[in-house]
Protein chains: 2
Amino acid sequence: MDAKHPVRTTEKTLALVEELMEKGPCGVTELASDLDMGKSAVHNHLTTLQKHGYVLKDGDDYRVGLKFLEVGGHSRKSMEVYQVAEPEVKSLAADTGELANLLVEEQGMGVYLMRAKGDDAVDLDTYAGLRTNLHTTALGKAILANLPESRVDEIIERHGLEQKTPKSIGTRQELFQVLEAVRERGYAIDDGERLEGLRCLAAPIKSSSGEVLGAISVSAPASRVSDEDLHGSLPERVLSAANVVELNINY
Amino acid sequence: MDAKHPVRTTEKTLALVEELMEKGPCGVTELASDLDMGKSAVHNHLTTLQKHGYVLKDGDDYRVGLKFLEVGGHSRKSMEVYQVAEPEVKSLAADTGELANLLVEEQGMGVYLMRAKGDDAVDLDTYAGLRTNLHTTALGKAILANLPESRVDEIIERHGLEQKTPKSIGTRQELFQVLEAVRERGYAIDDGERLEGLRCLAAPIKSSSGEVLGAISVSAPASRVSDEDLHGSLPERVLSAANVVELNINY
DNA sequence: CGTCACCGTTCTCCGGACCAGAACACTTAT
DNA sequence: ATAAGTGTTCTGGTCCGGAGAACGGTGACG
């Protein structure tokens, strides 16, 4: 699905935006040397982006503007799974007091659509829009477990199986074993794989035709989640929330 | 501040994205005729955007992807006023049971950074990232009232004073009278200007140097907000929330 | 206070990239 | 079969993006 005739100028613009996002506000010269472009080229791109609200000038530095939030927010708002799941994720967070999340798959990566914090929630540095490898989170595993095997292989090939921590899944075989277990149980678990001491439990959201639309999770410190909770009351709540979403989507 | 040497190719890409956002998912031919471009040009741009995650192909249609949410979310997350105000807006919504909002000014427009819903909150079609004319909302008026007069004039010149409803502010003189009243009171009110039957109350967030950083509001149906509330207990709560944010920002 | 070094911005001109238009592959309807 | 629609590919001519140099401003330094 690669572009046969990529628009190079557009790619330069996008590279600039991403560089600006990663480095935070910075100046023309710095961007030019980082991206091997001339100063005038960088300047032309930045002023063009600024004219349309995608970039702002703060003194002598440029930074990415909130226009991206407008486009992205609009995109999210128009997704049915978000509209339906949003209140459920919020009440899941309120009921458990922990951190609840909603993730969807896009281009083989997981994208957080939202997070809701209960009264005792841990504060992870996730945010709406953040991308993550699917195999590294309970949310992602809940989704992968409900994709066709061929699709999972495509995703592995495209994005690899990077190990975030020593506990992470590192091989195709290991992943497929885990996914099989997820299918049997109906939910996915992350016990300290992503972050030491953090336990997550995620359930898939499936359409009536069996296609997976996303996943809902609760993340909590291990100190508050006993082994019994992890396979007893907690899955019940998360699965129930996911089920409500499924029913509302399928009418 | 216009671009002296705009990158036309980039502008075409951005026009495509915005058209795609407004019309929702659609095909190459339709976009091409809407934007007076050749089909091949549209196709090249779309595949380029797709390659980088900014656009997706759904069957034969294209739609904007969640990459915009990633960039926009990152940008929002890195704003100090958001980080500090977010918990306050949430507790304001929880305490009042109504809809609470956070708005900042960017390029003369108001941008909603977040909204939080209390238990009885009305459901407006605002969303994080949405842009609005500053003079049409209580939030915007709270901000305008704390900008230098020259800046307000620039904004009027750039964006006009479009009247959303017959009650809207329509002239410069009228606006400045209202802003003077806002400065005296310390908070701004919208009594059905934006939407019949909806009352909003907003307070500015100012830095220690007096610069306005944004505004916090509560929106509620008129049926639940008496005239006494509107000038008594409600302003107290909103002003208090704004004040907490100011203290936390200025350490 | 002159000097220097750095910044962002402007300018010009040439090489290369964008894109109109035509052809292609495919689906759907008649 | 035929036709009319779609998205995609291809090529050549034209126009525009961008390297590099020059400009204007600002802050540091002796």
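Hydrogens, waters and symmetry mates play no part in the numbers below; they use all other heavy atoms, side chains included. Letters A, B, ... mirror the listed sequences (proteins, then strands); counts begin at 1. Remember, it's a predicted structure, so these values are computed and weren't measured experimentally.
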What is the distance from NZ of Lys4(A) to C1' of dA25(C), rounded to the nearest Å? 15 Å

Closest to the side chain of Thr29(A), out of dG8(C), dC19(C), dG18(D), is dG8(C)

Distance, rounded to the nearest Å, where His45(B) contributes NE2 and dC19(C) contributes C1': 8 Å

Presence of Tyr62(A) side-chain N/O under 4.0 Å of dC7(C) phosphate oxygens OP1/OP2: no

The residue, His5(A) or His5(B), whose nearest nucleotide of DNA chain C is more 5′ is His5(B)

Starting from P on dG7(D), measure out to CG on Leu46(B) and report it in whole angstrom. 10 Å

State whether the distance check finds a donor on one side and an acceptor on the other, under 3.5 Å, for side chain Lys39(A) versus base dG20(D). no

Checking Gln107(B) against Arg131(B): is there a side-chain donor and acceptor pair closer than 3.5 Å? no

Measure the distance from CD on Glu11(A) to P on dG18(D) and round it to the nearest whole Å. 12 Å

Spacing of Arg8(A) atom CZ relative to dA17(C) atom C1', expressed in whole Å: 7 Å

Residue mapping more 5' on DNA chain C - nearest nucleotide basis, Val28(A) or Asn44(B): Val28(A)

In whole Å, what is the span from the CG atom of Leu35(A) to the C1' atom of dA19(D)? 16 Å

From CZ (Arg172(B)) to CD (Glu157(B)), nearest 0.5 Å: 11.0 Å

Whether His43(B) contacts dG7(D) is assessed here as follows: a side-chain N or O lying under 4.0 Å from the phosphate OP1 or OP2. Is that the case? no

Assess the residue pair Glu18(A) and Lys67(B) against the criterion (side chain to side chain contact (heavy atoms under 4.5 Å, CB included)); give the C-alpha distance rounded to whole Å, side-chain angles, the decisive distance to 0.1 Å, and a yes or no. CA-CA 10 Å; Glu18(A) 280 172 40; Lys67(B) 185 84 181 189; 3.5 Å; yes

Gap separating the CG atom of Leu69(B) from the OG atom of Ser75(A), nearest 0.5 angstrom: 7.5 Å

Which nucleotide, dT8(D), dT9(C), dG18(D), lies nearest any side-chain atom of Lys57(B)? dT8(D)

First of Thr9(A) and Asp61(B) reached from the 5' end of DNA chain D, by closest nucleotide: Asp61(B)

Can we say Asp125(A) and Lys77(B) salt-bridge, meaning some charged N sits less than 4.0 Å from an Asp/Glu carboxylate O? no

To the nearest angstrom, how far is Glu30(B) atom CD from dT6(D) atom P? 9 Å

Presence of donor-acceptor pair under 3.5 Å, side chain of Ser40(A) and base of dG20(D): yes

Asp58(B) CG - dG7(D) P separation (whole Å): 13 Å

